[in-house]
Amino acid sequence: MISSASSSSNMEQESISFKVILDGLILITSYREDYDFQQELIDYCIRALKGEENSINGVEELPSLETPFFKCFLDIPFESFREDLIDKWCHTPLAAAKDASPILKQCEDKFKIVQLCYYTTKGKLGWHRDRISGLTEEEQAQLTSPVVSISLGNDCIFSYKVNGYKDVEHDLHLKSGDILIFSGPQRMMWHTVKKVFCNDTRPKTLNMRGLEGRINVTFREGTYYPDNSSPNVSNTLQ
Ligand SMILES: O=C(O)CCC(=O)C(=O)O
Ligand SMILES: [Fe+2]
């Protein structure tokens with residue numbers, strides 16, 4: 001069952017509205033309409049993706065994954081990402097969501113990594129859970145710390161399963177400016193990016209510097225670790 005709520009904040013966003021999709025799974029939609037706010041993050045991400053952003057590309061050799069349909073920096077240290085953007089896009093929405101979600105409030109924030117991915121309009125991401133490298137299976141299973149995931153540019157279909165890989169799937173249509181938070185009981189849910197829509201789904205006022213696809217930024221506890229236990233999964237991240 002989906003419940004909606006909103007919360008006031010004294011930051012740039014006057015009111016943050018969100019849907020509690022499930023305990024621990026929250027969708028914030030109120031950043032959608034503020035195009036200047038989105039553009040600032042888009043500009044920063046595109047500079048980083050093109051190797052022009054010193055705070056990210058200048059620090060060290062960052063591992064990246066690249067296919068014709070996908071480019072991803074998996075391992076950006078949290079402290080290298082611009083601090084004001086972390087406040088605006090991670091801490092502020094998370095604090096507002098915590099006010100409405102007691103389960104999220106109980107989850108400890110442990111942000112260490114930013115993952116920045118660009119999907120072309122043919123890009124996809126296979127079914128996976130956001131496991132963290134360096135942890136045992138038991139430790140993975142106990143993860144509850146929030147993952148804050150931002151969509152920018154074209155729309156996509158993000159699908160998830162609540163009770164394991166064999167469960168039924170649910171689709172979410174994510175739009176530019178949406179923030180999805182998963183944590184607590186949903187921290188290890190299976191999820192996928194099924195489809196990225198073509199160019200005309202993004203707001204025309206947003207400038208993607210000629211890129212036609214979608215950007216995803218996630219703030220998370222650790223570096224992604226491939227999910228080898230998934231049966232018949234073609235996972236772009238592996
Ligand atoms: O692009 C998205 O919305 C989700 C990406 C994702 O699941 C991941 O990078 O682990
Ligand atoms: Fe993921």
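One-based numbering, in listed order, for ligands and for the atoms of each. Only this structure's heavy atoms are used, side chains among them; waters, hydrogens and symmetry mates stay out.
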Side chains of [X] and [Y]: donor-acceptor distance under 3.5 Å anywhere?
X: Q38; Y: D34; result: no
X: E221; Y: S145; result: yes
X: H91; Y: D109; result: no
X: S101; Y: D23; result: no
X: S176; Y: R32; result: no

Would you find a donor on one side and an acceptor on the other, under 3.5 Å apart, between the side chain of Q115 and the backbone of T223? no

Which bit of T192 gets closer than 4.0 Å to ligand 1, counting heavy atoms only: side chain, backbone, both or neither?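 For T192, no heavy atom sits under 4.0 Å from ligand 1.
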
Taking the Fe ion (ligand 2) as the vertex, how big is the angle to OD1 in D130 and NE2 in H191, rounded to 10°? 90°

Evaluate the ring planes of F111 and F78, with Trp represented by its six-membered ring, and classify them as parallel (under 30°), tilted (30 to 60°) or perpendicular (over 60°).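 Judged by the thresholds at 30° and 60°, the geometry between F111 and F78 is parallel.
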
For H173 and F197, take the angle between the two ring planes, folded into 0 to 90°, and tell me which bin it lands in: parallel under 30, tilted 30 to 60, perpendicular over 60.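 Plane angle under 30°, so parallel.
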
Is it the case that ligand 1 has an N or O less than 3.5 angstrom from some N or O of T218? no

Quick check: does S151 get an N/O under 3.5 Å from an N/O on ligand 1? no

Would you please determine whether [X] falls within less than 4.0 Å of ligand 1 on a heavy-atom basis?
X: Y224; result: no
X: R129; result: no
X: V193; result: yes

With heavy atoms of [X] as the reference, note each atom of ligand 1 found under 4.0 Å away.
X: D130; result: 10 (O)
X: F158; result: 3 (O), 4 (C)
X: L125; result: 5 (C), 6 (C), 7 (O), 8 (C), 9 (O)
X: Y119; result: 1 (O), 2 (C), 5 (C)

Could you check which of R214, R131, H128, K124 puts a non-hydrogen atom nearest to atom 1 (O) of ligand 1? R214

Nearest option to atom 7 (O) of ligand 1, as decided by whichever heavy atom of H191, Q115, R220 sits closest: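 Considering heavy atoms of H191, Q115, R220, the nearest to atom 7 (O) of ligand 1 sits in H191.
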
Answer with yes or no after comparing the ring centroid distance for Y119 and F69 against a 6.0 Å cut-off, counting only values under it. no

